[in-house]
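To start, the structure itself, in C-alpha cells.
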Amino acid sequence: MSQRVYLVIMDETEESRLALRFASRRAVRTGGVVHIVAIVPQQTFSAFAAVQATIEDEARSRAEVLVTAAAGNLVSEGGPMPVVSVREGEHVKVVRDYLTEHPEVSALVLGAASEGNPGPLVSHFAVAHPGQLPCPLMIVPGSMHDEDVDRLS
C-alpha cells in the first residue's frame, strides 16, 4: 500500500494554517506525509536590477521562514517531517506543475477564507475548473476552530 501524500499550499493566512493542521492530522492518522509548498509570486519587472533582486530575495526569505516554521510545528506535534518546497511563479501554474511532478500526491488540501471570496486557489480549482485535478481536493473552511479540525481529521 502506498503512502498517502497531502499537499498544502502555505502562506501567511489563517486558512492555510488550518489546512496544514488538517493535513498533518490526516497524515498522522493514515501513516501519510505532508508536502508543504510556499509560492513566491513572480515580481513585476523593475528597471533597477538590484532593487528587483532584493525584492525577490526578501520574498523568497519570507516564504522559506514560513514553511520552515510550519514544518517545525508539524514535527513538534508528533507528525512526520514534511517535504518542503519554495516555488516561484503564478499560484495555479505552480500547483499544477507540482502535481504533475509528484503523481504520488493523494489530495490537495486548501483552506477557504472565512468571509468573502474563498481565495484564488479554492476559486480556481473548486469553482472555475472543478474536476481538472489529478487528485481529490479537500477544502477546510476558514471559520473552523482548531478543535473542529482535530475532531474531523
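When a residue number appears, it is its place in the shown sequence, counting from 1. Note that the coordinates shown come from a computational prediction; the quantities given were computed from them, not determined experimentally.
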Determine whether [X] and [Y] make a side-chain contact, defined as any pair of heavy atoms from C-beta on separated by less than 4.5 Å.
{"X": "Leu20", "Y": "Met10", "result": "yes"}
{"X": "Val37", "Y": "Val8", "result": "no"}
{"X": "Asn117", "Y": "Ser123", "result": "yes"}

Assigning hydrophobic clusters by single linkage (Ile, Leu, Val, Met, Phe, Trp, Tyr; side-chain heavy-atom cutoff under 4.5 Å), is [X] placed with [Y]?
{"X": "Met144", "Y": "Val28", "result": "no"}
{"X": "Val83", "Y": "Val95", "result": "yes"}
{"X": "Val92", "Y": "Val105", "result": "yes"}

When you check the side-chain N and O atoms of Glu147 and His145, is any donor under 3.5 Å from an acceptor? no

Does any donor atom in the side chain of His124 or Arg96 lie under 3.5 Å from an acceptor atom in the other side chain? yes

Taking Asp146 first and then Arg25, would you say they form a salt bridge - that is, a charged N and a carboxylate O separated by under 4.0 Å? no

In terms of side-chain geometry, is the basic nitrogen of Arg17 or Glu14 positioned less than 4.0 Å from the acidic oxygen of its partner? yes

Can you list the steps and then say if Phe22 with Asp150 is a side chain to side chain contact (heavy atoms under 4.5 Å, CB included)? CA-CA 7 Å; Phe22 179 86; Asp150 294 351; over 6 Å; no

Supply the atom-to-atom distance [X] [atom1] to [Y] [atom2], rounded to the nearest 0.5 angstrom.
{"X": "Ile39", "Y": "Leu121", "atom1": "CD1", "atom2": "CG", "result": "6.0 Å"}
{"X": "Ser16", "Y": "Arg21", "atom1": "OG", "atom2": "CZ", "result": "13.5 Å"}
{"X": "Gln132", "Y": "Phe125", "atom1": "CD", "atom2": "CZ", "result": "9.0 Å"}
{"X": "Leu7", "Y": "Cys135", "atom1": "CG", "atom2": "SG", "result": "7.0 Å"}
{"X": "Met138", "Y": "Ser153", "atom1": "CE", "atom2": "OG", "result": "10.5 Å"}
{"X": "Ile36", "Y": "Ile9", "atom1": "CD1", "atom2": "CD1", "result": "10.0 Å"}

Between Pro82 and Val33, the two heavy atoms sitting closest are CA-CG2, 4.5 Å

Provide the closest heavy-atom pair for Leu18 versus Gly142 in the form atom of the first, atom of the second, distance. CD1-O, 3.6 Å

Heavy-atom donor-acceptor pair, Ser143 side chain to Ser114 backbone, under 3.5 Å: no

Apply side chain to side chain contact (heavy atoms under 4.5 Å, CB included) to the pair His35 and Tyr98, showing each step before the final yes or no. CA-CA 10 Å; His35 286 204; Tyr98 193 90; 2.7 Å; yes

Begin from the C-alpha positions of Arg4 and Glu104 and carry the test salt bridge (charged side-chain N to carboxylate O under 4.0 Å, His left out) through to its verdict. CA-CA 8 Å; Arg4 292 187 184 188; Glu104 72 276 14; over 6 Å; no

Apply side chain to side chain contact (heavy atoms under 4.5 Å, CB included) to the pair Val140 and Leu110, showing each step before the final yes or no. CA-CA 6 Å; Val140 179; Leu110 299 175; over 6 Å; no

